[in-house]
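Values in this document were obtained by computation on a predicted structure and should not be read as measured data.
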Amino acid sequence: MKKLINDPNNVVEEMMKGMAAAHHDVLKHVPDTAVLTRVERTAGKVGIVSGGGSGHEPSHAGFVGKGMLDAAVCGPVFTSPGPDQVLEGIKAADSGAGVLLVIKNYSGDVMNFEMAMELAEMETITVDKVIVNDDVAVEDSTYTTGRRGIAGTVFVHKIAGAKAETGAPLAEVKASAEKAIRNVRSMGMALSACTIPAAGKPGFEMAENEMEIGMGIHGEPGIERTLLKTADEVAEELISKILQDGVHKSGDEVAVMINGLGSTPLMELYILNGKVSDILEEKGITVYKTFVGEYMTAIEMAGCSVSLLKLDDELKELLDAPAHTTAFRM
Amino acid sequence: MKKLINDPNNVVEEMMKGMAAAHHDVLKHVPDTAVLTRVERTAGKVGIVSGGGSGHEPSHAGFVGKGMLDAAVCGPVFTSPGPDQVLEGIKAADSGAGVLLVIKNYSGDVMNFEMAMELAEMETITVDKVIVNDDVAVEDSTYTTGRRGIAGTVFVHKIAGAKAETGAPLAEVKASAEKAIRNVRSMGMALSACTIPAAGKPGFEMAENEMEIGMGIHGEPGIERTLLKTADEVAEELISKILQDGVHKSGDEVAVMINGLGSTPLMELYILNGKVSDILEEKGITVYKTFVGEYMTAIEMAGCSVSLLKLDDELKELLDAPAHTTAFRM
Amino acid sequence: MIRVGLTTKHIQLWLQKTNEKIQENKTYLTELDQAIGDGDHGINMARGFEEAIKKTAESDYESPSDLLKDWAMTLISKVGGASGPLFGTAILKMSMSVKGKAEINYAELTTAFEEALAGILQRGHAAENQKTLVDVWSPIVRFLQENTAFDSAAFTNQAKEAMEQTKDMQAEKGRAAYLKERSIGHIDPGSASSFYLLQSLSEVIEKEGVTV
Amino acid sequence: MIRVGLTTKHIQLWLQKTNEKIQENKTYLTELDQAIGDGDHGINMARGFEEAIKKTAESDYESPSDLLKDWAMTLISKVGGASGPLFGTAILKMSMSVKGKAEINYAELTTAFEEALAGILQRGHAAENQKTLVDVWSPIVRFLQENTAFDSAAFTNQAKEAMEQTKDMQAEKGRAAYLKERSIGHIDPGSASSFYLLQSLSEVIEKEGVTV
Ligand SMILES: Nc1ncnc2c1ncn2[C@@H]1O[C@H](COP(=O)(O)OP(=O)(O)O)[C@@H](O)[C@H]1O
Ligand SMILES: Nc1ncnc2c1ncn2[C@@H]1O[C@H](COP(=O)(O)OP(=O)(O)O)[C@@H](O)[C@H]1O
Ligand SMILES: [Mg+2]
Ligand SMILES: [Mg+2]
Ligand SMILES: [Mg+2]
Ligand SMILES: [Mg+2]
């Protein structure tokens, strides 16, 4: 394991420290917690809290700031934080108008965040939640765990954050976030594994000529292991799987996110985007805005995901609203 | 070689296409050239042109936009573009007030950009240049090639771009850029090599327990190959080498850039920054602003560089001035 | 022999023994999770149990319930992921179930396990046969219900067998569910750590001559 | 034999032969550059020469100078890096030097090489012994100056020896300079490709029975 770290068991604490030191104009560390919160609070606004395991940087603390999150809860690498820490995040984000939790659909995240909601209610803070499950690589099912939340979550942060900034009440903020969730679908792939610092070795092995289609952001396996394909083929495959889901159709307007998983050069993400934009044009889908970069990573995994968010007038306005965070600026 | 590409010999063209498609509100591709240029031109402003080999994304096209570059010339991977393409960049950036070339100090870049200047002068465009040589890993010498230009170049783009935006004449824009160059020093290190797509294999080998201190952004070797150190030790080593150069002293105010070389997770860069900010505080150097992320990469190399820019009132104002580019926003 | 039941001291020994096994098998548990999950289960459990040991070393506990409560709260706070809420809830429900008791007899232990399982099911919404730790806790509750006194060897065997049976299951809850058919052939990590917990209880009862 | 000198056709053959050698040795040249540079030299030269072949295939050239000019301009535009301006300038200076001539005799060839070297020095500001392609071009110019007729074998030998001598030098210009002592022990990539260029000229003269 080759990492620029000090102690594998201390990476999250040190990251929070270095992040607060770098961006003290935007965010601060709530002492003795796993929470990074906004410096400038908008009073009377619904608070937006996200978080989960670390290792997805800039998710989630990179989206703390005006127009997006009020607090991010940074769990251990790939491990949901416990409810006490989520509660700290809720407290940091609450300014009286209630708090919305943006949860990615993983058993651990859902359980810990729900327990935190119960604790917050005991402290008479109004809390509601939305669960993001944008990953079409996984079958949609209520019987099983269902779909994972991956990079599309960033769009949900943006929409919920912008809506909250308008002063809308919790129910409306939740409704907008849920519309974003209904409208966003993602699909990823990986060229290499990643190493949890405390584990010290990669989560799996991939041969020099293999890739995995449908890979999750924790190195959870995908739909299939195939031979390495070209960027154009990968674009075709990811987009076609997303479109199969039926949410995005000819005539629609969408926002596109080409997300790098950690060690895929921006050059490659742009190459992929060239093809993605061609395919969407062919399908009669209009691209309103495109975001290319690292938004939801899997430590140093090589690979990418593509997300499509179907837009209507409300979502466009919310997407375009100002956001002043360290990893997302509008 | 595991890359998300189509044809190794076509990566730069496809990248430019995907980039223009993604960010058509900010930049556009000048047809049949290696140039990406601003969509919104400020008339009568000194044009700022940068560029060089590709593989350093978001450098340089990621800094095209209001407040920074007017045009970026995208050479083949790690290879300076020829003078004809630089000339295209100059033409795209020129709006009558002259053009400043920001060149990184490599033999190839200097020769090609200088030849382009000669060509531009034949077309009666006024062109001047600055040469960035911030890398303290290399000995400062007029007899040899001298110091390389690395991530500190991004600060030079910002300062020159902001100055040009004020409507200052070419000589003044050049003077501000040169002040930035005098005030900026950088030093990098790497944990792994990188692979030029057309070469198909890594430029060198590094053992599982080794790192290279002083590595350049093309995989040029550094000062020494050592055993893997902790992030804190790396921070100490990089900063001490920079401070030895004597530009940054107790009482100074600086901007800090913690730059990732391609596959180093943001988490690790923040861990490094935690220590960097401690060291600077200890030394009595005040951190005015910190930038953490990928600014000047070496394809998918793992590693980082630290840059310090000494600030005065003028540089602070220029650093804080608005910039609307895809990779740098103020 | 007098049926003294499980005292605070025995619960302390149970926690210690479980912690030892978790720490020893940290890498193994992580490897199980690398095969069908995200490779953090051993790390999570090791972190949480180490903290539970630290936390419970600070106080003298008056009753099993008090000790179980601190143990549970520490797991909930420090394990994280899916296993934190599940193991934490299980132990917390046990704490609530034995509240006010200085010693826990067989019937009380059975009830405590029933409530622990109920807590797990309520929290995780998993059913049996979905390749989760439910597939160890459900059989062990049935085993306790079907007997009237604690038989250490049989208890351990039952837990072990249940754990091993998860190997052939296809996951439908938790992260392993993403793997579908590919999840078959690997022991469920949470079931493995559940086994260590149960085995440890059994060993404490055996070694200390507790008559439950 | 009549001293016909180098005609347009010979220059064409020179370009073709050089291109063949560059393409064949593309990986070798890249590996030389991986050792002490950034690993693109073979790629750069191969790209530029391939383009030069394409470009010059489009026209019938009236004179060596016209052909050399298109060759040079294509290298300048398509090779890039340090070698593009240097090789491009060298060939461009040759073009200018032989302007108006239908055939190039020994004296003219020597002058053309002198001007090529002058162009390289002016562009790159390198001196001899700094481990750059100057260390091939300088000795070869001296060799031409010291002789009065073209001796293919001796010319090639001289170029080869000069190239090989760069191995023991410490680089002071170009990317290899960053390596300081560590640059010793590797042939300079630009010197290797310069050798192919010179060797090709020699082979064309030999094979075509050109009498310069
Ligand atoms: N919904 C659930 N119900 C019961 N047990 C579950 C559920 N989801 C996960 N588990 C258990 O949790 C274990 C994984 O724990 P761990 O790796 O620590 O958390 P995570 O999956 O969040 O990384 C699985 O092996 C399984 O036994
Ligand atoms: N200043 C210089 N003067 C003469 N030759 C130089 C100079 N700088 C570099 N070279 C030559 O260029 C070669 C490297 O070319 P190449 O790898 O194509 O370009 P780059 O160094 O820009 O990647 C070196 O081997 C050396 O012979
Ligand atoms: Mg986990
Ligand atoms: Mg190069
Ligand atoms: Mg896990
Ligand atoms: Mg080179």
Side-chain angles (χ1 to χ4, degrees), chain A residues 2-7 11-12 14-19 21-23 25 54-55 57-58 62 77 189 191-192 208-209 211 228 230-232 234 256 258 262-278 287 289-294 297 299-300 302-304 326-327 329, chain B residues 2-7 11-12 14-19 21-23 25 54-55 57-58 62 77 189 191-192 208-209 211 228 230-232 234 256 258 262-278 287 289-294 297 299-300 302-304 326-327 329:
Chain A
K2 255 183 154 174
K3 289 183 186 284
L4 198 56
I5 59 174
N6 296 304
D7 175 353
V11 290
V12 178
E14 292 187 30
M15 171 190 73
M16 289 192 293
K17 179 189 168 230
M19 199 165 183
H23 309 302
D25 47 333
S54 292
E57 291 66 33
V77 177
M189 58 78 62
L191 294 169
S192 77
E208 189 49 35
N209 62 348
M211 54 181 248
L228 200 56
T230 65
D232 284 357
V234 168
V256 176
I258 312 286
S263 62
T264 295
L266 205 43
M267 172 185 270
E268 298 177 22
L269 299 180
Y270 279 120
I271 291 174
L272 192 84
N273 184 58
K275 185 65 179 178
V276 165
S277 81
D278 283 351
V287 176
K289 278 223 160 82
T290 306
F291 300 84
V292 181
E294 293 184 346
T297 60
I299 318 179
E300 76 288 6
C304 68
T326 64
R329 287 284 293 270
Chain B
K2 255 184 154 173
K3 290 183 187 285
L4 199 55
I5 59 174
N6 295 303
D7 176 353
V11 290
V12 178
E14 293 188 28
M15 171 190 72
M16 288 191 295
K17 179 189 167 230
M19 200 165 182
H23 310 302
D25 49 332
S54 291
E57 290 66 32
V77 177
M189 58 77 64
L191 293 170
S192 77
E208 188 50 35
N209 62 347
M211 54 180 247
L228 199 57
T230 65
D232 284 358
V234 168
V256 176
I258 310 287
S263 62
T264 294
L266 204 45
M267 174 186 269
E268 299 178 22
L269 298 180
Y270 279 120
I271 291 174
L272 192 83
N273 183 59
K275 184 66 179 179
V276 165
S277 81
D278 283 351
V287 177
K289 277 223 162 80
T290 306
F291 301 85
V292 181
E294 293 183 348
T297 59
I299 320 179
E300 77 287 4
C304 68
T326 64
R329 287 285 292 272

> Taking side chain as everything from C-beta outward and backbone as N, CA, C, O, which of these in A:Val11 sits under 4.5 Å from a heavy atom of chain B? Side chain, backbone, both or neither.
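Both parts, backbone and side chain.
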> Quick one: closest heavy-atom pair of A:Leu266 and B:Glu57, and the distance?
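Looks like CB-CB, 3.8 Å.
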> I'd like to verify something: which residue of A:Met211, A:Lys289, A:Glu208, A:Lys275 has the highest number of heavy-atom pairs under 4.5 Å with chain B?
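Option with the greatest count: A:Glu208.
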> Pick one of side chain, backbone, both or neither for B:Leu228, based on which atoms fall under 4.5 Å of a heavy atom in chain A.
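Only the side chain of B:Leu228 comes within 4.5 Å of chain A.
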> How would you list, by chain and number, every residue that makes a side chain to side chain contact (heavy atoms under 4.5 Å, CB included) with A:Ala327, sequence neighbours excluded?
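Partners of A:Ala327 under the side chain to side chain contact (heavy atoms under 4.5 Å, CB included) test: A:Pro58, A:Phe63.
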> Chain A heavy atoms under 4.5 Å from B:Val77: which part of the residue, side chain, backbone, both or neither?
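Interface part for B:Val77: side chain.
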> Is the centre of the B:Tyr270 ring less than 6.0 Å from the centre of the A:His23 ring?
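Here the rings of A:His23 and B:Tyr270 have centres that are less than 6.0 Å from each other.
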> Sort out for me which of A:Val276, A:Asp278, A:Val292 touches chain B most, counting heavy-atom pairs under 4.5 Å.
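Option with the top pair count is A:Asp278.
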> Measuring only between side-chain heavy atoms, which start at C-beta, is A:Met15 closer than 4.5 Å to B:Leu272?
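A:Met15 does not reach B:Leu272 side chain to side chain.
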> Within the distance-only criterion (no hydrogens, no angle test), does the side chain of B:Glu268 pair as donor or acceptor with the backbone N or O of A:Leu4 below 3.5 angstrom?
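Checked: pair present.
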> Less than 4.5 Å to any heavy atom of chain A: does that hold for the side chain of B:Thr297, its backbone, both, or neither?
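It is neither, since no heavy atom gets under 4.5 Å.
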> Let me know if A:Asp7 has heavy atoms under 4.5 Å from chain B in its side chain, its backbone, both or neither.
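Neither the backbone nor the side chain of A:Asp7 comes within 4.5 Å of chain B.
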> Just so I understand: if I count every heavy-atom pair under 4.5 Å between each of B:Gly55, B:Ser54, B:Gly18, B:Ala21 and chain A, which residue has the most?
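Maximum pair count with chain A is reached by B:Gly18.
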> Kindly write out the residues that satisfy side chain to side chain contact (heavy atoms under 4.5 Å, CB included) with A:Asn6, not counting sequence neighbours, or none if the list is empty.
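Only A:Glu14, B:Thr230, B:Ala231, B:Asp232, B:Ile271 meet the side chain to side chain contact (heavy atoms under 4.5 Å, CB included) criterion with A:Asn6.
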> How about B:Met19 and A:Leu269: do any of their side-chain heavy atoms sit closer than 4.5 Å?
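They are not in contact (no side-chain heavy atoms under 4.5 Å apart), so the answer is no.
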> Taking every non-hydrogen pair under 4.5 Å, which of B:Ala22, B:Gly274, B:Ser192 racks up the most with chain A?
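Of the options given, most contacts go to B:Ala22.
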> Under 4.5 Å heavy-atom distance to chain B, tell me which part of A:Met16 shows up: side chain, backbone, both or neither.
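Contact with chain B involves no heavy atom of A:Met16 at all.
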> Under a 4.5 Å heavy-atom cutoff, which of B:Met267, B:Lys17, B:Glu300, B:Glu294 has the most pairs with chain A?
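Of B:Met267, B:Lys17, B:Glu300, B:Glu294, B:Met267 has the most heavy-atom pairs under 4.5 Å with chain A.
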